[in-house]
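Inspection log for the structure reproduced underneath, given as structure tokens.
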Amino acid sequence: MTAAQQIVDGLNAPQREAVEAIEGPLLIVAGPGSGKTRVITHRIAYLVRVVGISPYRILAVTFTNKAAREMKERLQHLVGERADRLSVSTFHSFCAGVLRRDGKHMGLESTFTIYDDEDQMNVVKQAMEQVDLDPKRYPPRAVQGVISRAKSLLMDSHALRQGHQSFFEERAASVYQRYEELLARNNGVDFDDLLLKTVQLFRDHDDVLASYHRRYIHVMIDEFQDTNVAQYALAKLLAGGHRNICVVGDADQSIYSWRHADIRNILSFQKDYPEARTVTLAQNYRSTAPILNAAKGLISANRMRLDKELWTSQSEGHPVVVHELYNEEEEAQFVLGEVDRLGKEDGFRAGDCAVMYRVNAQSRVLEEACLRYGVKYRLVGGVRFYQRREVKDVTSYLRLIHNPDDEVSLSRVINVPARGIGQRSLEEVRRWAQGQGLPMYQALLKMAEGGGADPLLSARVTRLVSGFVDLLLGLTEESRRLDVVDLIDAVLERTGYQAYLQHRYEDSEERWENVRELRNAAQEFRELEPPEGLGLLLERQALVADVDSYEESPDAVTLITLHQAKGLEFPVVFMVGMEEGLLPHFRSRDNDQELEEERRLCYVGMTRSKERLYLLRSFRRGFMGGNAPSGPSRFLYEIPRDLTASPAPAPTPQRSSWGMWEPPAPSPRPKPDVDGLKTGQKVRHATFGEGIVVSCAPSGDDYEVTVAFDGAGVKRLLLSYAKLDRLG
DNA sequence: CAGTGGAGGCTTTTT
DNA sequence: GCCTCCACTG
């Protein structure tokens, strides 16, 4: 078999077409489960092995490190060691590389710091203070949001000032300008800058762009529906010469518009590349027909979309289970009961199952239930490793050593561990530095040298700060000869960080473990010459959300938000909280575009499932301390009824061999005899038929009625919605 | 300056 | 209900 045959072997017709379409622009519209990654990787393999393109000349860009890693692994299988020469990276790390190399044109030293959200907020607050904007009236979070959006639209502060669309934006523009000045002074960039400054660099420096044109002659962009304007501009610039640009995406899976992703990029692509070929991958290899058709039914309710006629050859399958539980505890209990049952009856393992939810707050009840029933679980997300306070403290020292202009990190560590330099002292130092016209770090050095001789400084501050400066100078000196692991050890030792943790935190053990983990992560860069290892560790720290996520465990249930579930698949998926207010989320209620995005989010969740799909809702839900009835999600009504089913009688979870099982607390029973509906009253319900009232209790402004129906079992209903006819 | 308690706040979060 | 941020007290 020739290489070409080998590569296209086993691909369906459109997949093959996409792989073989190597000249010029190509848009691949890839439905869920349609073998998208397969097509991208095989297309690259085809370029390398059949067309003979050097892997060195191919650039593939993804959004996540995980996607990049997976792609590389698959490519290693397809093209062997030549895969090492391919450029497969995320937008942000690609840009970071460009700016490390050529950022000097943009006023950046190669040691620049990449600020995360937390650092960004600190700088925004500082900038707001300096332009005299009251954080009570202008929430820094919102100001930061405006700045970030502007950057993603490639607007600098002047452009925002010109093009502001509200008073708020106008004020934010002045913060933006100050914010930029601060970042520049810190030799720092934020996430958005990585993209923005790279685009600006390419636009303003033809020679730099030309060097990338010489290198890359094929560019591929994954998850194209998630690109923002800056990312699209970047892709377009890179493809400028050769126009060999291949983008892959699915507008129905666009769920990040709130992070400024812009589906209109797909339209822009067709306009900018009128000669582009479009290939649609419509065959779904993941889900059974009932699941796929249920998802299709749902998504067809979106008005702003083009239909794709997805299909599957797996015509047989279980119907989608739609079920209502009383509250979130019962919902969680039902999930675990089903996990148990599916294990016993159908041979699924806990690791085959994922529970998906709209907001992180929903995970707690699920975790508790897992603990109670002794089911292992893997919680995806939560507080990210590198974001933990103790990890951030230590990396701030490292950042400062690497980039002494980084005042954000300086301010963070100058009093951690506590050394008597509080807010006031820091202000004093800051003001003094400003008076001297010196950057902070320089000012500190000068202060330490002067040894308290300056009449504008208190002796106390000078003494304390000098101690800190000595510490820093010592560490900086060490950093020239120590590898990055030893450097971390030196930081920990000289700062007395472990003792500080023990003194300050109850959970110091765990925190210390995290610090150790950071040290572990640094091992990878141990062999490198001093400044390089540190630089790479810091870049990893900034651009990789999590240390390589734990091993997938075959007997752990996955708990995950719908957003994070994108790109994954599971044999069994439980979507919990299918309620108005949660999915769709109440913040999206009054906006059609946002509502459609919620629907896409629901669609993404449903299409993660291969064999079994459960859509669960609870009748009452605790929310912000309160506990209120919640209505079924409108999305439930958009799924064709003939594809759904009610579950078998609710199973009780069984105790696992290693688990500590306790019977769940009984649900609170409402009191009888309210509003004329007495216990024992016969009633008729439009859907559930005839039944007998078990109880009735006030619930907010309403009444909650529990009815034992003849056919449909016991239901708890809200009187105002339920329309119960009294019989007899 | 540092540690504590009350008020407010609150989707999602690839990088 | 829980976490974060700020203001106040020791």
| said: Any base atoms under 4.0 Å from A/His503, or only sugar-phosphate, or nothing? Heavy atoms, all strands. | reply: sugar-phosphate
| Within less than 4.0 Å of OP1 or OP2 of B/dC1, is there a side-chain N or O belonging to A/Asn415? | no
| message | For the C1' atoms, the ones on B/dT14 and on C/dC3, what distance do you get once it is rounded to whole angstrom? | response | 24 Å
| query | Of A/His92 and A/Ile421, whose nearest nucleotide on DNA chain B comes first from the 5' end? | reply | A/Ile421
| said: Nearest heavy atom decides the nucleotide; on that basis, is A/Arg389 or A/Arg364 closer to the 5' end of DNA chain C? | reply: A/Arg364
| field | Minimum-distance nucleotide to A/Arg460 side chain [options: B/dT13, B/dC1, B/dT15] | value | B/dC1
| message | Students often get this wrong, so: under 4.0 angstrom with heavy atoms, is A/Glu597 touching a base, only sugar-phosphate, or nothing? | response | nothing
| query | Which sits closer to the 5' end of DNA chain B, A/Trp258 or A/Gly422, going by the nucleotide each is nearest to? | reply | A/Gly422
| Are A/His585 and the base of B/dT11 stacked, counting only ring centres nearer than 5.5 Å and planes tilted under 30°? | yes
| Do the side chain of A/Arg259 and the base of B/dT15 come within less than 3.5 angstrom through a donor-acceptor pair of N or O atoms? | yes
| task | Please tell me which of the listed nucleotides, B/dT11, B/dT15, B/dT14, lies nearest to the side chain of A/Arg358? | result | B/dT11
| task | Identify which nucleotide among B/dT15, B/dT14, B/dC1 has an atom closest to any side-chain atom of A/Ser425, counting heavy atoms from C-beta outward. | result | B/dC1
| Quick one: are the ring centres of A/Phe94 and A/Phe91 less than 6.0 Å apart? | no
| field | B/dT12: syn or anti, per glycosidic angle within 90° of 0 | value | anti
| query | Do other residues, nucleotides or ligands put more than 12 heavy atoms under 6.0 Å from A/Gln502 CD? | reply | yes
| field | Sugar-phosphate, base or nothing in reach of A/Phe91, heavy atoms under 4.0 Å | value | nothing
| Does a side-chain N or O from A/Gln564 land closer than 4.0 Å to OP1 or OP2 of B/dT13, or not? | yes
| task | Inspect the surroundings of CZ in A/Arg100 and state if more than 12 heavy atoms from other residues, nucleotides or ligands are less than 6.0 Å away. | result | yes
| task | Give the rounded distance in Å between these two atoms: CG of A/Asn360 and P of C/dT4. | result | 13 Å
| Nearest-Å distance once atom P is located in both B/dT13 and C/dT4 | 15 Å
| When all nucleic acid strands are considered with a 4.0 Å heavy-atom cut-off, which category describes A/Thr62: base, sugar-phosphate, or nothing? | nothing
| said: In whole Å, measure the gap between the P atoms of C/dC5 and B/dT12 for me. | reply: 16 Å
| remark: Ranking A/Lys125 and A/Glu368 by the position along DNA chain C of their nearest nucleotide, the one closer to 5' is A/Glu368
| Considering only B/dT13, C/dA7, B/dA2, which nucleotide approaches the side chain of A/Lys136 most closely? | C/dA7
| task | Under the side chain to side chain donor-acceptor pair (under 3.5 Å) rule, collect the residues that match up with A/Glu509, sequence neighbours excluded. | result | none
| task | Return the set of residues passing ring pair (Phe, Tyr, Trp, His ring centres under 6.0 Å) with A/His563 (not counting sequence neighbours), or none when no residue passes. | result | A/Tyr256, A/Trp258
